[in-house]
Amino acid sequence: MSVSIYYSFINGLTVSKEHSLDLFKQRLLAEGVRSIEGELPVLTTTVSTSKDKTFELLLLERAQKLDSTLHISAHFVHFQRLTMNLFRVLSLIVLIIGGLSVKQFFFTVADSQINFFWVFTLFFIPNMISLLLWLLFFFQSKELTQGWLLRSCMYICRKIEQRFNRNASQDVHFWTLFKCYFAVFFTDKLGRYQLSALTHRLWFSYFLGATLMLVAMLATHQVDFIWQSSILSVANLQWLTELLAYLPGQLGVLVPNIAQIQESHLGALNVLADEQASRLAWSTLLISSFIIYGMLPRLFLWGLMSLLSKVNKNNFTLDFSLAYYVKLRQVLKPNVTSLGISDPDRHLNRSYTPVDAHISTAALPATFYPVALELSESQLAICEQHVREYCPEQLPCLQNVCDFDSQQAMLANIATLQHMHLVVYVSLLRLPDRGLLRLLSTLKRSMEGSLYLLLIDENKQPQENKEKRRSDWYSAAAQANLCLDNVIQFTCNNEGA
């Protein structure tokens, strides 16, 4: 009962305005439904089908209706709050660590003389290494977040939920939806920016804590900054200090002058003309360095990654080439075409009966250029029959591309066409290889009109084989940047004469 009350309360706050959800949240909701159903859409719901509605719109409507019983939005809102709270806690912990590291360094020094460059090195070398590692991982093509990071987050969240939200975490879909939420937010492009924003946020917190503690320590302790080196000369240290002090100096911050740099060598402090001025100059240089070289770059990168994360949320799309969405498309909006007449082929002595009209939803252009790719004799006869019915004036142009020479001839013919749509006939059961994928990509680039892909189904194979191959074709079409709505299944029922 408590679980039901919990989800009813959260759902009342968030899902009652489901029609006002932005597109990203609606697509995230659809992904949540997919994670629950698995590879096969087994849950049923009534969706008002209409030829004017796209497959994605029907899919999102179905997800919203299922959400009323599955409470997916409530789960996602809970996960969002959980991750945000974890980020805040981590930021606070890192801020405290940054402050304690400064405090620990100053209190462990035996006297009041501190090597300025040693302090700078201790705090900035790890920061630079971390920045280089982030750049390395950021531009990696392979994702590194689907293994140990997922397991670590699952373990942490499981412990938190078992401690503070035990009843809610007992829901049968709780951890399935958490994996879905993690996969969307912390993998692929969106995950790259989310994790990058978290990394820069933690480093900003670290330098913020270190800077605040540094100001407090220098305000309450008298520290003389010196430098010492066995291999670097005064000229080297002077050049390095001037380089470090350039930006702070341009901003009007007090920085050490040449005399103060030279006289801050170990053992030369007693000859300083004005020790207090030297302490103030070195102190402001160190504080400004923490702010300018530590906090501000991380704050900028944090903001930039957060902005890019929002941009990628707006550009987030569902992968309709997945087997699950391909199967669901056949239920919500089947994209099929058929022969509308029965005209036996004399050579093969076969007849073709039309598919039921209520599932014939594909709309071909009035005029198109037909191309057959490596069709068998029976498949080519079906293709000719289809062209004869829908675009008979283009039947003489139909050619069956089976080798390199015919492919080059076909490409040469297409290059002369202007504003013509292209319909490519292929066998549904053929495996789309790399060569065919390159050809489809070439055709897509060379055509000014739309490209349609017709999958000829002769009903000679078990349904599970056709489902697997249909998914392969949708994946190939997506890789070739084809509109998936233009992938049409051409179904015919063969009857012997």
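For the single chain, residues carry numbers from 1 onward in sequence order.
Note: Phe79 and Tyr181 have tilted aromatic rings, judged against thresholds of 30 and 60 degrees for the angle between ring planes. In this pair, Tyr325 and Phe55 present their aromatic rings perpendicular. The plane angle is above 60°, beyond the 30 to 60° band. In this structure, Phe124 and Phe207 have tilted ring planes: the angle between them lies in the 30° to 60° band.
With sequence neighbours left out, the side-chain contact (heavy atoms from CB on, under 4.5 Å) criterion links Ile129 to Ile125, Leu133. Applying the side-chain hydrogen bond (donor to acceptor under 3.5 Å, both in side chains) test to Asn257 and every residue at least two apart in sequence or in another chain returns nothing.
Closest approach of Phe123 to Ala210, counting heavy atoms only: CE2-CB, 4.4 Å. Shortest non-hydrogen contact noted between Met213 and Lys103 is CG-N, 3.9 Å.
Here the side chain of Tyr293 pairs a donor or acceptor atom with the backbone of Leu244 at under 3.5 angstrom. Checking side-chain atoms of His421 against main-chain N and O of Gly449 turns up no donor-acceptor pair under 3.5 Å. A donor-acceptor distance shorter than 3.5 angstrom exists from the side chain of Glu37 to the backbone of Leu43, with no hydrogens or angles considered. Panel note: side chain Ser475, backbone Ser471; no donor-acceptor pair is recorded below 3.5 Å. Under a 3.5 Å cut-off, the side chain of Asp67 and the backbone N or O of Ser73 do form a donor-acceptor pair. At distances below 3.5 Å, not a single donor-acceptor pair connects side-chain atoms of Ser288 with backbone N or O atoms of Pro248. The backbone N or O of Phe186 lies less than 3.5 Å from no partner atom in the side chain of Gln194, so there is not a single donor-acceptor pair.
Ring centroids of Phe24 and Phe185 are separated by less than 6.0 Å, placing the two rings close together. Tyr474 and Phe320 have their aromatic ring centers separated by at least 6.0 angstrom.
Between His200 and the choices Leu299, Leu304, Leu131, the side-chain contact (heavy atoms from CB on, under 4.5 Å) rule is met once, by Leu131. The salt bridge (charged side-chain N to carboxylate O under 4.0 Å, His left out) test with Asp485 is passed by exactly one of Arg329, Lys333, Lys53: Arg329.
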